[in-house]
Amino acid sequence: MLQTPRGTADLLPADQAYWSYVTAHFQSICEAFGYGEIRTPVFEDTRLFQRTVGEGTDIVEKEMYTFSDRGGDSLTLRPEGTAPVVRAYLEHGMHRLPQPVKLSYIASIFRYDRPQAGRLRQHHQFGVEALGEEAATIDAEIISLLLTLYRSVGLTGISLQLNNIGDAACRPQYIEDLTAYYRSHVHALCDNCQARLERNPLRLLDCKEDSCQPFIQEAPHTLDNLCADCDAHFSTLKRSLDAMEIEYTLNHTLVRGLDYYTRTVFEVWPEAVGRQSALGGGGRYDGLARHIGKRDVPGIGFGTGIERIILNLQRQGVAPDERQPFSVYIATLGERAGTYGIGLTNDLRQRGIRALLTYKQRSLKAQLRQAGNQAADCAVIVGDDELAQGQVLLRDLKSSTQENVAATDLVQALERLRAGEQDPQ
RNA sequence: GUGGCUGUAGCUCAACAGGUUAGAGCUCUGGACUGUGGCUCCAGCGGUUGGGGGUUCGAGUCCCCUCAGCCACCCCA
């Protein structure tokens, strides 16, 4: 038996309620915040991610789905959402639009990783990017948008982790200080950290080994080593968050796994204990556009995992309300009635009424049972007798009452039933 | 990529310490009720016990390999 590739999942009609629920909330919130939807290809030139995400990162080093196509080009399935959007911004000259350009997306993301609940090789993210604005107030807007999404779908107990990792002016000096500090303790570090020291010093602060914790505490922190501009930027962000009554936890070990981040970085963690998988995260990336084009474009955004949102909703017992549309089941008896039924069904559908029917001759009992299974609101019963008299039986399945209706009046009678269904007294 | 746990009908689960033909509930289909759903009763459909190999007279059960899911790491969404 063949099955879905490891770490991928089918999305069945039964799962759809949650997906449309969270998607609808995301879309209406983006509308309220003024973000317009963008779609980019599922695969891109491999260099896009190598240059932006960074050669030393886990994503580029071991998680990308990279392949060459029949023409020999190296392509990569999108492992994150930001770089493609920035690429599109530059490619379409959006720097000539009124700034900032505020974009949102819903995208499949691919990362080769060991699967687990809430961690798939193909997963889906909502994301938002604001390009062309360096002021920290827009950082606060982005964070607010993300938290508004969580709150509106009903997630509780989440926490915002916040940090600032400096910019091109102050980070080089900071990295030097950090590296110097760690070099003096190099023999006490775990193997992983010894490697990080060479390849990606910022990640030293992210180590989970108990033996490395004291060094993380003692090491210089980015927040204490910001240049004046970064410091002012961070102050504005904090003031803005306060003004929106958004609570946050300063987390100096939050450094993020992608190279392109500058200044503001944040993650949102769910309620459950332990080092849980983040619901969403993001940050500022003022140096990113340079790696793609010839232009500097400040930007900030986030990505949040749709599967993880849904997983946490289910754990919290939040269920989306499933409102089924008004529907009619056409039950027919006899061949002539069956032919009439397919015509009638099609006619109702053209009028926007959800109509279901039986596809083969079967007992009326079986047909009504199916009508019940499919949660039809009412059934139209038509046999050869009714047909001869130009009448049909209209049965209300909720109240179990039925009446004879002239075939020509059926649509009107259904519309009346539907209206009553949609706003009950 | 590392370590561990778990895989039996579509779903939830049974099957003494290896022992006839792997069972039940739910779902679905049909009947009781030749043209009236839900309730009840009856019946039917549905399995290479994840897959492959081995041990044994005999394997769902024990061993090995493999695949998948899950948990903890790693990392992130």
Side-chain angles (χ1 to χ4, degrees), chain A residues 1-9 12 14 53 57-63 78-82 106-127 146 150 161 190-193 195-196 200 203 206-210 254-258 265-270 273-282 301-312 329 331-334 337 358 360-387 393-402:
Chain A
M1 177 67 187
L2 295 172
Q3 44 193 288
T4 58
R6 185 171 200 200
T8 65
L12 305 176
V53 174
T57 60
D58 282 357
I59 290 180
V60 171
E61 225 167 53
K62 51 186 194 193
E63 294 178 357
R78 172 176 51 212
E80 64 99 32
T82 299
I106 303 172
S108 289
I109 303 287
F110 303 84
R111 286 185 207 167
Y112 187 89
D113 202 345
R114 185 114 170 216
Q116 223 168 295
R119 193 171 80 183
L120 292 163
R121 289 180 173 181
Q122 179 187 192
H123 73 274
H124 300 81
Q125 290 185 14
F126 295 134
L146 181 59
Y150 297 142
Q161 305 289 312
C190 69
D191 293 349
N192 215 331
C193 279
R196 287 182 175 120
N200 202 340
R203 297 216 69 85
D206 210 20
C207 186
K208 307 296 192 296
E209 287 289 335
D210 286 344
L254 183 66
V255 297
R256 309 280 299 158
L258 294 79
V265 292
F266 57 91
E267 283 181 10
V268 179
W269 296 349
V273 276
R275 303 184 198 90
Q276 274 297 315
S277 309
L279 273 168
F302 69 72
T304 179
I306 302 178
E307 285 87 349
R308 286 186 181 180
I309 293 174
I310 292 173
L311 186 66
N312 280 278
Y329 190 94
T332 58
L333 289 158
T358 184
K360 63 183 176 203
Q361 297 283 325
R362 58 206 307 214
S363 70
L364 182 57
K365 179 187 177 65
Q367 294 186 59
L368 287 178
R369 183 171 53 231
Q370 194 154 57
N373 285 347
Q374 300 185 39
D377 296 282
C378 59
V380 170
I381 302 168
V382 41
D384 290 341
D385 297 350
E386 285 82 6
L387 209 53
L393 261 177
L394 178 54
R395 180 177 179 81
D396 186 327
L397 293 171
K398 296 286 157 65
S399 63
S400 296
T401 57
Q402 59 188 34

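All values reported here derive from a predicted model rather than from experimental measurement. Note: hydrogens, waters and symmetry copies are ignored here, and every other heavy atom, side chains too, is used. In what follows, chains are A, B, ... by sequence order, proteins preceding strands, each numbered from 1.
Side-chain atoms of A:Ala278 lie closest to B:A77 of the nucleotides B:A77, B:G37, B:G35. Which of B:G69, B:C75, B:G37 sits closest to the side chain of A:Leu397 comes down to B:G37. Comparing B:U36, B:C71, B:A77 against the side chain of A:Ala117 picks out B:C71 as the nearest. For A:Ile381, counting side-chain heavy atoms from C-beta on, the closest listed nucleotide (B:A77, B:U36, B:C71) is B:U36. Side-chain proximity of A:Arg395 to the nucleotides B:A77, B:C74, B:G37 is greatest for B:G37. With B:G35, B:U36, B:C71 as the choices, the nucleotide that has an atom nearest any side-chain atom of A:Asp385 turns out to be B:G35.
With hydrogens and angles ignored, a donor-acceptor pair under 3.5 angstrom links the side chain of A:Arg308 to the base of B:C76. With hydrogens and angles ignored, no donor-acceptor pair under 3.5 angstrom links the side chain of A:Gln367 to the base of B:G35.
Note that NE2 of A:His123 is 5.5 Å distant from CD1 of A:Ile109, once rounded to the nearest 0.5 Å. Between the CG atom of A:Leu368 and the CG atom of A:Asn373 there is a distance of 11.0 Å, given to the nearest 0.5 Å. Separation of atoms NZ (A:Lys62) and OG1 (A:Thr57) is listed at 10.0 Å; rounding is to 0.5 Å. Between the OG atom of A:Ser400 and the CZ atom of A:Arg395 there is a distance of 5.0 Å, given to the nearest 0.5 Å. Atom CD in A:Gln125 sits 12.0 Å away from atom CD1 in A:Ile106 (nearest 0.5 Å). Here the CG-OG distance, from A:Leu120 to A:Ser108, works out to 11.0 Å after rounding to the nearest 0.5 Å.
If A:Arg114 and A:Leu393 are placed on RNA chain B by their nearest nucleotide, the residue sitting closer to the 5' end is A:Arg114. The residue among A:Gly281 and A:Asn192 whose nearest nucleotide of RNA chain B lies closer to the 5′ end is A:Asn192.
Under a 3.5 Å cut-off, the side chain of A:Gln367 and the backbone N or O of A:Thr332 do form a donor-acceptor pair. Side-chain atoms of A:Gln161 never come within 3.5 Å of backbone atoms of A:Trp269 as a donor-acceptor pair (strictly under, hydrogens ignored).
Nucleic acid contact class of A:Gly118 (heavy atoms, under 4.0 Å, all strands): base. Within the nucleic acid shown, A:Ile309 has no heavy atom closer than 4.0 Å to any nucleic acid atom. A:Gly7 comes within 4.0 angstrom of the backbone, heavy atoms only, and of no base.
Contacts of A:Arg256 classified as salt bridge (charged side-chain N to carboxylate O under 4.0 Å, His left out), with partners at least two apart in sequence or in another chain: A:Glu267.
Here the C1' atom of nucleotide B:A77 and the CD atom of A:Gln116 are 13 Å apart, to the nearest Å. Rounded to an integer number of Å, the gap from A:Asp206 CG to B:C73 P is 13 Å. Note: CG (A:Asp113) to C1' (B:G69) measures 15 Å, nearest angstrom. Regarding A:Leu2, its CG atom lies at a distance of 12 Å from the C1' atom of B:G51, rounded to whole Å. Atom P of nucleotide B:G7 and atom CD of A:Gln3 are separated by 17 Å, given to the nearest angstrom. B:C76 atom P lies 14 Å from atom CD of A:Gln161, rounded to whole Å. With rounding to whole Å, A:Arg119 atom CZ is found 12 Å from B:G1 atom P. Taking atom CZ on A:Arg78 and atom C1' on B:A77, their separation rounds to 14 Å, with Å as the unit.
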Using the 3.5 Å cut-off, write out each protein N or O paired with an N or O of nucleotides 25-30 of chain B and the distance between them.
unit_1	atom_1	unit_2	atom_2	d
B:C28	OP1	A:Asn373	OD1	3.1
B:C28	OP1	A:Asn373	ND2	3.1
B:G30	OP1	A:Arg362	NE	3.4
B:G30	OP1	A:Arg362	NH2	3.1
B:G30	OP2	A:Arg369	NH2	2.4

Between the protein and nucleotides 9-11 of chain B, list every N/O to N/O distance that falls short of 3.5 Å.
none

Got a list of protein N/O to nucleotides 39-44 of chain B N/O distances below 3.5 Å?
none

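Using a cutoff of 4.0 Å between basic side-chain nitrogens and carboxylate oxygens, A:Arg119 and A:Asp113 are scored as salt-bridged.
On the P atoms, B:G50 is 15 Å away from B:C13, given to the nearest whole Å. Atom name P, nucleotides B:U61 and B:U55: the rounded distance is 15 Å, in whole Å. Between B:G18 and B:G1, the distance separating the two C1' atoms is 38 Å to the nearest Å. If you take atom C1' in B:G30 and the same atom in B:G37, they sit 15 Å apart, rounded to whole Å. Across B:G44 and B:G60, the matching P atoms stand 24 Å from one another, rounded to whole Å. The gap from the P atom of B:C39 to that of B:U48 amounts to 30 Å, rounded to the nearest Å. One C1' atom belongs to B:U20, the other to B:C26, and the distance between them is 29 Å to the nearest Å. Straight-line distance between the C1' atoms of B:U21 and B:G58: roughly 15 Å, to the nearest whole Å.
Considering only side-chain N and O atoms, A:Arg6 lies under 4.0 angstrom from the phosphate OP1 or OP2 of B:G69. Put simply, A:Gln402 has no side-chain N or O that comes within less than 4.0 Å of OP1 or OP2 on B:U36.
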Inset, instruction - Using the side chain to side chain contact (heavy atoms under 4.5 Å, CB included) rule, take A:Val380 and A:Leu393 through it: C-alpha gap first, then chi angles, then the decisive distance, then the call. - result: CA-CA 6 Å; A:Val380 170; A:Leu393 261 177; over 6 Å; no
Legend entry - Candidate pair A:Cys207 and A:Asn192, rule side chain to side chain contact (heavy atoms under 4.5 Å, CB included), full reasoning: CA-CA 8 Å; A:Cys207 186; A:Asn192 215 331; 5.7 Å; no
Inset, instruction - Test A:Val382 against A:Leu333 for side chain to side chain contact (heavy atoms under 4.5 Å, CB included), laying out the working first. - result: CA-CA 6 Å; A:Val382 41; A:Leu333 289 158; over 6 Å; no
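Applying the side chain to side chain donor-acceptor pair (under 3.5 Å) test to pairs two or more places apart or on separate chains, those with a residue in residues 301-310 of chain A are A:His124-A:Glu307, A:Tyr150-A:Thr304.
Side-chain contact, A:Gln374 with A:Tyr329: no donor N or O sits under 3.5 Å from an acceptor N or O. A donor-acceptor contact closer than 3.5 angstrom is absent between the side chains of A:Arg111 and A:Gln122.
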Legend entry - Structure string for RNA chain B in dot-bracket form, Watson-Crick and G-U at under 3.5 Å, | interchain: (((((((..((((.....[...)))).(((((.......))))).....(((((..]....))))))))))))....
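Taking the ring axis of A:Phe110 as reference, the NZ or CZ atom of A:Arg121 does not stay both within 45° of it and closer than 6.0 Å to the ring centre.
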